[in-house]
Amino acid sequence: MPELPEVETIVRSLRAYILGRKIFSIKVFLPKIIRSAGKETPDKLAAKHEELVGKTLINISRLGKNIILQFSGGWYARVHLKMTGQLLVNLPEDPIKKHTHVIFSLDGGKLDLRYRDIRQFGYIQILTEQELADWVEGDFIGPDPLEISFPCFLARLRSRKGKLKAVLLNQAFLGGLGNIYVDETLFQAGIHPESSSLHLSDEEISSLYQKMQSVLLAAIQYKGSSIRDYVESSGERGQYQNLHQVYGRAGLPCLKCGTRIEKIRVAGRGTYLCPLCQKVAR
DNA sequence: AAAGATGTTGCAAC
DNA sequence: GGTTGCAACATCTT
């Protein structure tokens, strides 16, 4: 589900609602959602989330599509929402929706942070500072698309080969792009997703860089794209889906030239493009 | 009504 | 290494 704009929106809303709150209790309904940091025995892992009880949430940040919650006492939680994960802030009396797998009770029981995930692909990892550092080092996430400089972007792209869409989806290349925003960026830049990353001109890479940032910033302004399950932590839907130029528009006219938008498969993912506006650089 | 699709990513195989 | 297919799982669409 969520890509950079959705995760960023969730992080911002979590900051507004639960920064500074203290963990009162934790209920785990589906244990596999709490994933091992590597070396715990199963029984130790099962009890690990109890370490957070009594700790205060002192920072909330994003690393690529990962949400990092920092607690007092040197504890962290890393949340990956994968396709259908949600982090929702609720009142305790709010009905517990189906597929709610973990509830963090906050503020002496006055507020809930709930993890909900229809397909159960997402997970929560409870980490010490050292374990977080080990993860950052080992499971390398590339620079943030909104923070990387153009020279660095250019150099990194020039060092990769393969289909451009596959490169952009690779979280070790840049952290945060996913299927929707790659398609939207490539349309805006007028570049075909199957273009070879080696055969792009400096001008094309410059356009790619600028459109990537403008698309992501606009999507954040609109609080992300709600196609199916994504909502921010208050339960509100994003609105950027209404501004999609190609994603989900197969068979509809291109908004630039009127040609029918095509859907093909690239890098194993459904891919939308305008065959006239987006040319292949081989 | 079965088959194919879905915003992710890790793994195995070639 | 890059690429492909599959796996994790529930639900919706064709």
Side-chain angles (χ1 to χ4, degrees), chain A residues 1-11 29-38 62-67 78-87 97-101 115-125 135 138-142 145 156-186 193-199 215-216 219-220 222-232 237-251 262-272 282:
Chain A
M1 154 174 68
E3 307 177 32
L4 186 152
E6 290 77 29
V7 177
E8 181 64 25
T9 301
I10 291 166
V11 163
F29 305 111
L30 186 62
K32 74 168 185 180
I33 295 296
I34 310 287
R35 221 177 69 166
S36 169
R62 174 180 66 74
L63 197 53
K65 299 172 189 169
N66 296 267
I67 297 168
R78 177 173 73 91
V79 181
H80 200 301
L81 303 169
K82 288 286 185 88
M83 293 286 272
T84 55
Q86 300 174 331
L87 276 174
K97 295 173 81 170
K98 192 175 175 184
H99 303 116
T100 297
H101 304 311
Y115 181 79
R116 180 167 182 262
D117 191 342
I118 294 174
R119 294 177 70 182
Q120 307 174 15
F121 292 171
Y123 54 85
I124 301 170
Q125 232 178 14
W135 171 76
D139 202 344
F140 181 70
I141 306 245
R156 287 179 74 78
L157 195 52
R158 289 253 177 265
S159 73
R160 299 268 172 165
K161 68 176 187 182
K163 290 179 182 172
L164 184 55
K165 175 157 180 171
V167 172
L168 295 172
L169 284 174
N170 184 343
Q171 300 299 292
F173 175 66
L174 291 183
L177 293 177
N179 208 29
I180 294 177
Y181 296 104
V182 167
D183 281 8
E184 291 297 315
T185 295
L186 289 169
E194 291 180 301
S195 296
S196 154
S197 60
L198 296 174
H199 297 163
V215 164
L216 293 173
I220 290 171
Y222 282 84
K223 299 182 182 250
S225 301
S226 289
I227 308 286
R228 289 189 173 76
D229 307 294
Y230 159 72
V231 288
E232 59 131 314
R237 289 164 57 80
Q239 293 302 324
Y240 192 73
Q241 67 280 4
N242 300 318
L243 302 196
H244 290 174
Q245 307 282 294
V246 286
Y247 188 86
R249 298 193 65 248
E262 272 182 8
K263 185 181 185 192
I264 62 174
R265 192 151 283 268
V266 181
R269 313 293 300 276
T271 299
Y272 301 89
R282 289 192 193 278

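Residue numbers begin at 1 in each chain, while the letters A, B, ... track the order of the sequences.
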Sugar-phosphate only, base, or nothing, as touched by A:S225 at under 4.0 Å among non-hydrogen atoms:
base
What contact category does A:D229 fall into here, base, sugar-phosphate, or nothing, at under 4.0 angstrom with non-hydrogen atoms?
base
Separation between the P atoms of B:dA3 and C:dC6, rounded to whole Å
15 Å
List the residues meeting salt bridge (Lys or Arg N to Asp or Glu O under 4.0 Å) with A:R62, not counting sequence neighbours, and say none if there are none.
A:E8, A:D144
Side chains of A:E3 and A:Y230: is there a donor and an acceptor less than 3.5 Å apart?
no
May I ask you to decide if the ring planes of A:H101 and A:Y115 are parallel, tilted or perpendicular, using 30° and 60° as cut-offs?
tilted
Which pair of non-hydrogen atoms, one from A:E184 and one from A:L243, has the smallest distance, and what is that distance?
OE1-O, 4.4 Å
Given the C1' atoms of B:dG4 and C:dG5, what is the spacing between them in whole Å?
15 Å
Determine the contact category for A:Y247: base if any of its heavy atoms lies under 4.0 Å from a base atom, sugar-phosphate if only primed atoms, P, OP1 or OP2 are that close, otherwise nothing.
sugar-phosphate
Residue of the set A:I180, A:V215, A:L168 for which side-chain contact (heavy atoms from CB on, under 4.5 Å) holds with A:T185:
A:V215
Have a look at A:G122 and say if it touches a base, only the backbone sugar-phosphate, or nothing, with a 4.0 Å heavy-atom cut-off.
nothing
Just to be sure I understand the geometry, which residues of residues 158-170 of chain A put a non-hydrogen atom under 4.0 Å away from DNA chain B?
none
Side-chain heavy atoms of A:L157 within contact of A:F173, under 4.5 Å:
yes
Sticking with atom C1', work out how far C:dA8 lies from B:dA1, rounded to a whole angstrom.
25 Å
Testing the basics here: between A:R35 and A:Q125, what is the closest heavy-atom pair and its distance to 0.1 Å?
O-CG, 3.2 Å
Of all pairs that satisfy side-chain hydrogen bond (donor to acceptor under 3.5 Å, both in side chains), the ones with a partner from residues 262-271 of chain A, not counting sequence neighbours
A:K165-A:T271
Report which part of the nucleic acid A:E6 touches: base, sugar-phosphate, or nothing (heavy-atom distance under 4.0 Å, all strands).
nothing
Canonical and wobble pairing (Watson-Crick, G-U, under 3.5 Å) of DNA chain B, dot-bracket with |
.|||||.|||||||
What nucleic acid atoms does A:I180 come within less than 4.0 Å of, heavy atoms only: base, sugar-phosphate, or nothing?
sugar-phosphate
For the pair A:D183 (side chain) and A:Y272 (backbone), establish whether a donor and an acceptor sit closer than 3.5 Å, ignoring hydrogens and angles.
yes
Roughly, in whole Å, what's the span from CZ in A:R265 to C1' in C:dT3?
14 Å
Euclidean distance for P, B:dG7 against C:dT14 (whole angstrom):
15 Å
Note: chain A reaches DNA chain B at heavy-atom distances under 4.0 Å over the stretch, first to last nt, 5' to 3', of B:dA5 to B:dT9
Between the protein and nucleotides 11-14 of chain C, are there any N/O to N/O pairs under 3.5 Å, and if so, what are the atom names and distances?
| residue | atom | partner | partner atom | Å |
| --- | --- | --- | --- | --- |
| C:dT11 | OP1 | A:K98 | NZ | 3.4 |
| C:dT11 | OP1 | A:H99 | NE2 | 3.1 |

Heavy atoms of A:P193 and A:V266 approach each other most closely as O-CG1, 4.3 Å
Hey, does A:I227 have a side-chain heavy atom less than 4.5 Å from the side chain of A:Y247?
yes
Which pair of non-hydrogen atoms, one from A:N179 and one from A:G270, has the smallest distance, and what is that distance?
ND2-O, 3.0 Å
Nearest heavy atoms of A:L4 and A:P145, plus distance in Å
CD1-CD, 3.6 Å
Do A:N66 and A:W135 have side chains that get closer than 4.5 Å, going by heavy atoms?
yes
